[in-house]
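Computed from a predicted structure; not experimentally measured.
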Amino acid sequence: MMFLHHRFLKGALAAGVAAAALVATAGAGATAAPRAATAPSAQSALPAQAVPGFPEPTPHTQKAYDPAADFTAKWTRADARQIKAMSDPTAGSRQNSMPEDYTAPTVPQNFPDMSNGKVWVWDTWPLTDAAAHQYSYKGWEVVFSLVADRKLGFDDRHTYAKLGYFFRKAGVPSSQRPANGGWTYGGLVFPKGLSGKVFEDQSFSHQTEWSGSTRIFKNGEVKVFYTAVAFYRNAAGQDTKPADARIMMSPGKIFANDKGVWFGGFKTHNELLKPDGKLYQNGAQNPYYNFRDPFTFQDPAHPGKTYMVFEGNTATQRGTRACTTGDMGYQPGDPYTETPDEVMDRNAHLQMANVGLAVADNTELTKWHFLPPILSANCVTDQTERPQIYLKDGKYYLFTISHRSTFAAGVDGPEGVYGFVGNGIRSDFQPVNRGSGLALGNPTNLNFNQGFPFDPDYNQHPGAFQAYSHYVMPGGLVQSFIDTIGTKDNFRRGGTLGPTVRILIDGDTTKVDRTYGNGGLGGYADIPADRDIKPGQPVS
């Protein structure tokens with residue numbers, strides 16, 4: 001999501017959720033889902049070696065630092081250019097050019113709608129504890145989604161987004177559920193109008209709720225972390241001043257009986273953070289800044305502290321020629337080196353994404369302060385959405401998502417999940433998969449333009465826009481929403497969750513598990529709980 005994006009017909013902000021998954025547990029099984037016929041796929045994952053015509057990736061140590069240290073890992077241009085190095089330059093029209101190991105299976109166009117026609121659905125997350133275990137409550141699985149009225153055009157949804165929720169019976173095998181996952185839409189989470197009261201300037205034209213995360217505590221207490229955004233636009237739809245984004249928390253309570261799930265409370269909405277212009281770019285520096293997607297978690301290496309990851313931008317004035325040699329990351333003598341001036345002459349300095357970190361100052365989680373970013377992607381991409389910290393085998397994986405359209409000039413890659421591995425939540429993170437960072441991408445042909453979700457390029461693979469806003473769950477399960485599936489002459493818009501897939505995570509590699517579900521596609525909207533909370537049970 002971002003404040004200016006190709007998805008918008010009217011320049012609206014896109015929304016994004018950041019989520020952390022701190023515990024990797026065994027994933028649940030999935031139903032066999034129908035699989036579409038796919039265009040020929042590219043080569044399997046290439047070995048980690050230099051590719052003619054491309055630089056070597058930047059060396060990274062994975063060394064851990066104190067979470068409060070002034071160290072920020074860099075996803076460099078040398079790293080990110082490995083994505084294109086893996087692309088098959090001979091892949092023809094409507095074929096996938098990316099390695100099969102890092103490419104999601106193609107989703108069929110006859111997908112079901114999880115809301116049964118009630119709302120558009122996109123960014124979605126489950127009910128979790130501080131270690132990212134996914135909970136059912138009194139026998140019900142619960143998820144939270146950005147939703148909007150289906151009377152709106154799908155690309156107009158962002159400025160009208162609200163937090164909604166769905167529930168379904170827990171413990172039912174995916175093979176025994178309806179094709180759409182068996183979810184019931186419960187309605188909006190917050191009482192109308194309360195999330196907008198935080199803004200000092202109440203003259204906003206639109207006020208929206210964007211993504212976050214939901215923590216469960218004992219006795220049904222929940223805390224919803226989310227992004228509140230106010231837009232200030234005139235009658236022609238033009239911004240009269242930059243949008244105002246705040247990271248928020250609202251406490252409430254979950255209730256359930258044998259008929260379903262509902263919520264109460266959420267009368268108080270606490271402002272936690274707004275961009276400071278020092279570590280994280282604000283609207284005065286860039287009207288298209290990104291600041292959203294909070295997810296809180298506890299790091300077992302630092303007991304007693306609660307941290308938050310979120311999406312941000314490096315705090316520079318938009319247009320400042322701020323690319324550095326460190327952002328380039330080339331090894332000495334590499335014949336494919338770029339200089340900062342060369343890439344800035346192509347406007348790469350307009351893409352200044354980072355992944356932010358904050359720490360709570362009290363146990364109520366109502367007061368926080370910023371720490372330095374844990375990852376910068378300066379002059380690589382403008383968006384690092386839905387950042388996650390995921391623990392496995394003693395390693396810390398930072399997952400985030402990005403669009404092909406947000407990469408800087410000279411860098412290219414598919415819509416999807418990008419991953420980095422280190423020894424702590426602040427590490428010299430090493431990009432996974434040949435140093436590229438690509439963990440799970442949509443089937444895409446980098447030899448051709450992508451177009452837009454509402455207007456795909458004629459030559460692009462039908463799955464290029466099939467999934468976005470991925471959330472990595474315990475056991476390597478990954479859920480996402482469907483945007484567009486099909487070719488320019490035959491495509492269908494989404495607005496519902498797609499089939500769950502699974503990635504196998506091992507050291508500095510990830511790989512699509514094509515034994516999962518049907519050729520790698522699990523059940524639609526399949527978000528299984530791995531824990532059940534009972535009344536009075538303590539939850540972290």
Does a side chain donor of either [X] or [Y] reach within less than 3.5 Å of an acceptor in the other side chain?
X: D382; Y: T406; result: no
X: T159; Y: T208; result: no
X: D123; Y: Y471; result: no
X: Q62; Y: Q430; result: yes
X: T314; Y: N378; result: yes
X: K395; Y: N423; result: yes

Give a yes or no on whether a salt bridge exists between [X] and [Y], defined as a side-chain N under 4.0 angstrom from a carboxylate O.
X: R434; Y: D508; value: no
X: D155; Y: R493; value: yes
X: E342; Y: R321; value: no

If we ignore hydrogens and angles and just use 3.5 Å, is the side chain of [X] paired with the main-chain N or O of [Y] as donor and acceptor?
X: T444; Y: N442; value: yes
X: T384; Y: N354; value: yes
X: Q479; Y: T124; value: yes

Measuring from atom [atom1] of [X] to atom [atom2] of [Y], what distance do you get when rounded to the nearest 0.5 angstrom?
X: R426; Y: L371; atom1: CZ; atom2: CG; result: 6.0 Å
X: E415; Y: I401; atom1: CD; atom2: CD1; result: 9.0 Å
X: R502; Y: R514; atom1: CZ; atom2: CZ; result: 13.5 Å
X: W125; Y: L163; atom1: CH2; atom2: CG; result: 4.5 Å
X: F399; Y: Q388; atom1: CZ; atom2: CD; result: 7.0 Å
X: L357; Y: Y307; atom1: CG; atom2: OH; result: 7.5 Å

Atom of [X], atom of [Y] and distance for their closest heavy-atom approach:
X: T510; Y: A439; value: OG1-O, 3.0 Å
X: P105; Y: G519; value: CG-O, 3.5 Å
X: I83; Y: M98; value: O-CE, 3.6 Å
X: A230; Y: F199; value: N-CZ, 3.6 Å
X: A78; Y: G329; value: CB-O, 3.5 Å
X: A80; Y: V380; value: CB-CG1, 3.6 Å

Which label fits [X] and [Y]: parallel for a plane angle under 30°, tilted from 30 to 60°, or perpendicular past 60°?
X: F370; Y: Y280; result: tilted
X: H403; Y: Y468; result: parallel
X: F154; Y: W120; result: tilted

Would you say [X] and [Y] make side-chain contact, with heavy atoms under 4.5 Å?
X: W75; Y: T58; value: no
X: S145; Y: V121; value: yes
X: S427; Y: K63; value: no
X: P443; Y: Q466; value: yes
X: I374; Y: V309; value: yes
X: D513; Y: I503; value: no
X: M248; Y: V198; value: yes
X: M328; Y: P340; value: yes

- Query: Do Y226 and W210 pass the ring-ring contact (aromatic ring centres under 6.0 Å, His included) test, and can you show the C-alpha distance, the side-chain angles, and the key distance before you say yes or no?
  - Reply: CA-CA 6 Å; Y226 72 100; W210 281 359; over 10 Å; no
Kindly write out the residues that satisfy side chain to side chain donor-acceptor pair (under 3.5 Å) with [X], not counting sequence neighbours, or none if the list is empty.
X: N449; value: none
X: S195; value: Q207, E209
X: K241; value: D201
X: D428; value: H60, T61

- Do F54 and Y336 have ring centres separated by under 6.0 Å? no
- Using the benzene-type ring in the case of Trp, are the ring centres of F465 and F452 under 6.0 Å apart? no
- Message: Using the rule given for salt bridge (Lys or Arg N to Asp or Glu O under 4.0 Å), can you reason through K392 versus D506, listing the C-alpha separation, both sets of side-chain angles and the distance that settles it, and then say yes or no?
- Response: CA-CA 8 Å; K392 184 177 186 295; D506 182 17; 5.6 Å; no
- Y418 and ring-ring contact (aromatic ring centres under 6.0 Å, His included): which partner among F407, Y397, F429, Y102?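 Testing each of F407, Y397, F429, Y102 against Y418, the sole residue satisfying ring-ring contact (aromatic ring centres under 6.0 Å, His included) is F407.
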- Message: Within the supplied structure, the quantity of interest is the number of heavy atoms (other residues, nucleotides, ligands) at a distance under 6.0 Å from K488 NZ; does it exceed 12?
- Response: yes
- Message: Just checking D70: does its CG atom have more than 12 heavy atoms from other residues, nucleotides or ligands closer to it than 6.0 angstrom?
- Response: no
- Message: When you measure from the centre of the six-membered ring of Y458, is the NZ or CZ of R94 closer than 6.0 Å and no more than 45° off the axis?
- Response: yes
- Message: The test is ring-ring contact (aromatic ring centres under 6.0 Å, His included); show your working for Y65 and F71 and say whether it passes.
- Response: CA-CA 7 Å; Y65 296 80; F71 174 84; 4.1 Å; yes
- Message: By the disulfide (SG to SG under 2.5 Å) test, which pairs, at least two apart or in different chains, include something from residues 376-421?
- Response: C323-C379
- Query: Do any pairs count as a salt bridge (charged side-chain N to carboxylate O under 4.0 Å, His left out) and have a residue in residues 72-86, sequence neighbours left out, and if so which ones?
  - Reply: K74-D327, R77-E338, R81-E338
